[in-house]
Amino acid sequence: MDKFKGALIVGFLRLFALLPWSMVQRLGALIGWLMWKLPNRSREVARTNLSHCFPELRGDPLDQLLRDSLQQIGKTFTESACAWIWPADKTLRLIKEVEGLEVLEQALASGKGVVGITSHLGNWEVLNHFYCAQCKPVIFYRPPKLKAVDDLLQRQRVQLGNRVAPSTREGIISVIKEVRRGGSVGIPADPEPGEGAGVFVPFFATQALTSKFVPGMLTGGKAVGVFLHALRLDDGSGFKVILEAAPQEMYSEDIDAAVASMSRVIESYVRRWPSQYMWTMKRFKKRPAGEARWY
């Protein structure tokens, strides 16, 4: 059954990738609209997250942000299908603007390892191709459950000569080794870690268990951190990539302060583009002691 499901999903991804870009955008928006209109678990997770993170929003404003967010998530899905199937250079042509490229260039010229830090904001699959076109990083990722889909992603995510590392013990070790020898890696910093691998720090109007992995690699300036995001342009024509140097506090020996600093940077991006964040992710599954579960 898993083989059948995997083949079916890969078939749909290939079908999406045959469509014109404008249709990819419209179909993604339609998928998101259906997620908003029809009862489903993802909609309720997104509503829960938004209501806690934006307690000032009630009624229609909250519902509007929920609707916009789900439509943007639908677009992320159909756009990612293209990024997974297309040749990398075709995806790269969708990047219309780049801000802060000199930050990455300086980091690469430093002679230290470079940690590219991103979050589930905008389109991280498009960002993957951009980053890999600048250097040859090891991209850290959580493998999907279906083998056919994972096989596809492993092939397509290494089109530009980079490598991938799954979120396993071996994958974590390979990422650390790459940084220590002066190489580059790319890591999404916002998935919720295991309790022993993270600390609770502020994220919007709540506390979020946040990974110590990235700040741990930067401690004491052992590597250079660069934030990267690919944000969807309002006219739907493509993306703007924004790069920013990690703040000095992220290099602190105080790991709690370093993690909190990383969280503030990610929050600052999400506040600017709140509808482009993946609010359907169970980002707040683990709660501080004594606090009720959200999901």
Side-chain angles (χ1 to χ4, degrees), residues 9 12 16 24-81 118-127 142 144-145 188-195 198-211 229-234 236 239 259-260 262-295:
I9 290 173
F12 273 113
F16 291 148
V24 169
Q25 292 283 295
R26 287 197 292 271
L27 183 58
L30 175 61
I31 291 171
W33 182 82
L34 290 171
M35 289 172 66
W36 176 67
K37 290 294 288 185
L38 303 176
N40 62 88
R41 185 60 180 158
S42 292
R43 184 187 70 178
E44 297 315 310
V45 168
R47 187 189 301 278
T48 296
N49 289 341
L50 288 168
S51 64
H52 281 86
C53 290
F54 296 93
E56 69 277 12
L57 296 182
R58 291 288 186 271
D60 290 343
L62 179 63
D63 204 44
Q64 184 62 54
L65 180 54
L66 174 63
R67 175 179 178 173
D68 293 345
S69 298
L70 292 174
Q71 288 189 298
Q72 294 288 334
I73 288 168
K75 290 180 182 180
T76 297
F77 174 72
T78 53
E79 292 165 355
S80 296
T118 193
S119 67
H120 287 81
L121 176 71
N123 194 305
W124 46 95
E125 297 297 340
V126 173
L127 180 69
R142 289 188 176 183
K145 294 179 181 179
D190 57 340
E192 189 177 68
E195 290 190 28
V199 293
F200 280 100
V201 296
F203 185 64
F204 285 84
T206 188
Q207 294 282 314
L209 185 64
T210 305
S211 177
H229 289 91
L231 288 310
R232 189 172 297 106
L233 296 173
D234 291 339
F239 302 88
V259 175
M262 180 178 72
S263 183
R264 284 195 297 271
V265 174
I266 293 174
E267 179 180 333
S268 72
Y269 278 94
V270 180
R271 282 195 179 276
R272 290 168 66 187
W273 293 276
S275 65
Q276 292 198 39
Y277 193 61
M278 195 171 77
W279 294 107
T280 54
M281 178 171 57
K282 290 186 177 181
R283 177 66 184 88
F284 309 95
K285 194 172 183 180
K286 299 179 181 71
R287 306 308 307 143
E291 185 176 320
R293 296 174 68 90
W294 292 10
Y295 316 116

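The figures here come from the full heavy-atom set of this structure, side chains too, leaving out hydrogens, waters and symmetry mates.
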Completion exercise
Note: Asn123 and Ser80 closest approach over all heavy atoms is ND2-OG, 3.5 Å

Handout entry: Pairwise distance OG(Ser275) to CD(Gln71) - rounded to 0.5 angstrom
Key = 9.5 Å

Problem - Test side chain to side chain donor-acceptor pair (under 3.5 Å) applied to Thr206 and Arg287, His52, Glu291, the passing residue - result: Arg287

Practice task
Say whether, by atom type as modelled, one donor and one acceptor occur between the side chain of Thr48 and the main chain of Ala46 under 3.5 angstrom.
Solution key: no

Problem - For Leu209 against Glu195, the heavy-atom pair lying closest together - result: CD2-CA, 3.9 Å

Exercise for the section: Indicate yes or no: at least one non-hydrogen side-chain atom of Tyr295 is less than 4.5 angstrom from one of Val45. Expected result: yes

Handout entry: Residue pair Arg293, Lys285: steps toward the side chain to side chain contact (heavy atoms under 4.5 Å, CB included) verdict
Key = CA-CA 7 Å; Arg293 296 174 68 90; Lys285 194 172 183 180; 3.9 Å; yes

Handout entry: Pairwise side-chain contact, Trp124 with Thr76, heavy-atom cut-off 4.5 Å (strictly under)
Key = yes

Exercise for the section: Output the distance between atom CG (Leu121) and atom CD (Gln72), rounded to the nearest 0.5 Å. Expected result: 10.0 Å

Handout entry: Distance in Å, Lys37 NZ paired with Arg43 CZ, rounded so as to fall on 0.5 Å steps
Key = 9.0 Å

Handout entry: CZ on Phe203 to CG on Asn49, rounded to 0.5 Å
Key = 9.5 Å

Exercise for the section: Tell me, with the steps shown, if Glu44 and Asn40 meet side-chain hydrogen bond (donor to acceptor under 3.5 Å, both in side chains). Expected result: CA-CA 7 Å; Glu44 297 315 310; Asn40 62 88; over 6 Å; no

Exercise for the section: Indicate yes or no: at least one non-hydrogen side-chain atom of Asp190 is less than 4.5 angstrom from one of Arg283. Expected result: yes

Practice task
Answer yes or no: is there a donor N or O on one side and an acceptor on the other, between the side chain of Ser263 and the main chain of Pro202, under 3.5 Å?
Solution key: yes

Exercise for the section: Please round to the nearest 0.5 Å and tell me the distance separating atom OG1 of Thr118 and atom NE2 of His229. Expected result: 4.0 Å

Completion exercise
So the side chain to side chain donor-acceptor pair (under 3.5 Å) pairs with at least one residue in residues 264-273 (sequence neighbours excluded) are Glu244-Tyr269, Glu249-Arg264, Glu267-Arg271

Fill in the blank from the handout: For Phe54, the ring-ring contact (aromatic ring centres under 6.0 Å, His included) test, sequence neighbours excluded, returns Phe204, Trp279

Handout entry: Sub-4.5 Å side-chain heavy-atom contact between Arg232 and Gln25
Key = yes

Problem - Evaluation steps, side chain to side chain contact (heavy atoms under 4.5 Å, CB included), between Leu57 and Ser51 - result: CA-CA 7 Å; Leu57 296 182; Ser51 64; over 6 Å; no

Handout entry: Under the side-chain hydrogen bond (donor to acceptor under 3.5 Å, both in side chains) test, residues paired with Thr280 that sit two or more places apart
Key = none

Exercise for the section: Could you tell me whether a side-chain N or O of Thr78 sits under 3.5 Å from a main-chain N or O of Val24, the two making a donor and an acceptor? Expected result: yes

